Q: 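Here you go, one structure.
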Amino acid sequence: MTSLLKILRQRIENTGPISVSDFMAECLCHPKHGYYMKKDPFGLKGDFTTAPEISQAFGELLGLWAAITWQQMGSPTSVHLVELGPGRGTLMSDALRASRAVPGFHEALCVHLVEISPVLKSRQKETLQDSGLDIQWHDDFTHLPDGPAIFIANEFFDALPIRQFEKGEKGWAERFIDLDPDGTGLRFVLQSDQAAQALMPPALKDKDDQGFLFEISSTAQSVAYGLGQRIKEQGGAFLAIDYGYAQPDFGETLQALKNHQYAPVLDHPGDVDLTAHVDFATLAHSFRDGGAKVWGPIGQGLFLERLGIAQRFQTLLQHAKDTQRPSLIAAHKRLTAPEEMGKLFKVLCATHPDQPTPAAFEEG
């Protein structure tokens with residue numbers, strides 16, 4: 001039994017079942033026993049691998065995208081470059097290296113990393129110690145200073161807490177987590193919720209059969225709305241890269257990962273990563289409600305190819321040793337192929353309403 005499981009069991013015994021949203025928040029962000037608070041989850045020795053760890057080309061292209069966006073903003077003399085959930089700092093390191101050649105861009109930058117994990121903050125400081133730029137860390141994006149900003153969020157929204165609703169015999173009910181009958185573990189239970197129908201995305205209203213389950217993330221909606229407001233009022237752009245679906249759909253996507261394998265969601269609270277597919281349509285709606293203009297989503301493969309990832313890999317291959325070439329070819333495929341990350345992972349951009357079409361989001 002994990003330390004967090006003991007805490008959750010005591011909480012449930014005292015106050016009753018907890019929502020899936022509260023469960024996710026505790027499992028990932030509990031101050032002492034939360035998954036992200038106590039370990040580096042990335043790489044072969046961790047539980048999963050993200051795009052920046054697959055190839056330097058990913059972060060490099062995002063750095064160039066940010067520089068182009070800055071130019072489209074009119075090249076302001078001061079701009080915040082912000083990454084939400086910056087992992088080991090790999091993406092930002094590659095982005096800064098690639099964008100250094102753009103005249104004036106680095107002179108205008110103040111870099112901000114929004115990170116709650118003390119373990120990852122330490123790793124990020126090591127990775128970025130030679131950047132030569134002023135870098136500030138924040139626990140929450142609401143603590144960022146005012147001014148135009150370019151935001152990058154790679155696999156950030158999938159880790160935000162979700163709520164789950166299921167159609168049962170007595171109508172829609174919210175899924176909660178209760179104690180197992182045997183008293184040792186946890187289980188899912190349903191509690192009637194008259195508000196569930198109102199929370200359901202409009203695209204799902206006509207599907208009302210028993211057994212259907214849908215997920216929403218009020219946290220993600222709130223974050224997108226707030227950032228949409230900021231972008232409209234202060235200028236800038238937001239780039240979200242994550243896995244998920246372009247339109248709302250039924251079905252459970254909450255999953256747990258441990259040692260690069262799927263694990264039972266309820267079995268090891270605090271010791272496994274929990275994520276859920278991102279509903280990009282609802283996310284886009286929230287950005288628009290905040291006042292931003294939204295572009296996409298488009299597939300990650302298409303996004304990267306439009307930014308020139310094929311040409312970048314050709315350059316890397318030309319300078320690579322024979323023993324390095326197979327891994328480079330495999331990395332290109334993993335990032336862009338439809339059967340790998342190219343289709344499931346999507347890219348959405350929110351900008352100030354007056355900005356031109358962002359790079360890679362052109363029609364056709």
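None of the values given here were measured: they were computed from a predicted structure.
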Q: Going by side-chain hydrogen bond (donor to acceptor under 3.5 Å, both in side chains), name the residues that satisfy it together with Asp267, two or more places apart in sequence or in a different chain.
A: none

Q: Just to verify, what does Tyr243 make a side-chain hydrogen bond (donor to acceptor under 3.5 Å, both in side chains) with, not counting sequence neighbours?
A: Gln255, Thr275

Q: I'd like to know whether NZ of Lys121 has more than 12 heavy-atom contacts from other residues, nucleotides or ligands below 6.0 angstrom.
A: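 More than 12 heavy atoms, drawn from other residues, nucleotides or ligands, come within 6.0 Å of this atom.
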
Q: Between the side chain of Arg230 and the main-chain N/O of Ala149, is any donor-acceptor distance below 3.5 Å?
A: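 Between the backbone of Ala149 and the side chain of Arg230 there is no qualifying donor-acceptor contact (under 3.5 Å).
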
Q: Hydrophobic clusters join Ile, Leu, Val, Met, Phe, Trp and Tyr when side-chain heavy atoms are under 4.5 Å apart, directly or via other members; which others share one with Leu227?
A: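 ILVMFWY cluster around Leu227 also holds Val82, Leu84, Val114, Phe141, Leu144, Phe151, Phe156, Phe157, Leu160, Val223, Ile231, Phe238, Val278, Phe280, Leu283, Phe287, Val294, Leu348.
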
Q: Hey, is NE2 on His277 packed in by over 12 heavy atoms from elsewhere, all under 6.0 Å?
A: yes

Q: Strictly by side chain to side chain donor-acceptor pair (under 3.5 Å), give each pair with a member in residues 150-163 just once, sequence neighbours left out.
A: Arg163-Glu174

Q: Keeping to residues at least two apart or across chains, list the salt bridge (charged side-chain N to carboxylate O under 4.0 Å, His left out) pairs with something in residues 60-81.
A: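 Of all non-adjacent pairs touching residues 60-81, those that pass salt bridge (charged side-chain N to carboxylate O under 4.0 Å, His left out) are Glu60-Arg97, Glu60-Arg312.
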
Q: Kindly give the cluster partners of Ile68, where membership spreads through any ILVMFWY side chain lying under 4.5 Å from a current member.
A: none

Q: Restricting to pairs with a member in residues 5-29, which pass ring-ring contact (aromatic ring centres under 6.0 Å, His included), not counting sequence neighbours?
A: none

Q: Any side-chain heavy atom of Asp134 sitting closer than 4.5 Å to one from Val111?
A: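 No, their side chains stay 4.5 Å or more apart.
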
Q: Clusters formed by hydrophobic residues whose side-chain heavy atoms approach within less than 4.5 Å: which one holds Tyr245, and what are its other members?
A: none

Q: What pairs of residues pass the salt bridge (charged side-chain N to carboxylate O under 4.0 Å, His left out) test when at least one of them lies in residues 142-151, not counting sequence neighbours?
A: none

Q: Distance check, rounded to the nearest 0.5 Å: Cys27 atom SG versus Ile177 atom CD1?
A: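 Those atoms lie 7.0 Å apart.
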
Q: Between the side chain of Lys346 and the main-chain N/O of Gly244, is any donor-acceptor distance below 3.5 Å?
A: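 Yes.
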
Q: For His80, which residues count as a ring-ring contact (aromatic ring centres under 6.0 Å, His included) partner, sequence neighbours excluded?
A: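 Partners of His80 by the ring-ring contact (aromatic ring centres under 6.0 Å, His included) criterion, ordered by chain and then number, come out as His112.
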
Q: For Lys38, look at atom NZ and say whether over 12 heavy atoms of other residues, nucleotides or ligands are found less than 6.0 Å away.
A: yes

Q: Do Phe105 and Trp70 have ring centroids that are under 6.0 Å from one another?
A: yes

Q: Can you list the residues that meet the ring-ring contact (aromatic ring centres under 6.0 Å, His included) rule with His33, with sequence neighbours excluded?
A: His30

Q: Using modelled atom types only, decide if a donor and an acceptor are shared between the side chain of Thr77 and the backbone of Ala108 within a distance under 3.5 Å.
A: no

Q: With sequence neighbours left out, write down each residue that passes side chain to side chain contact (heavy atoms under 4.5 Å, CB included) with Arg187, or none if nothing qualifies.
A: Asp178, Asp180, Pro181, Val189

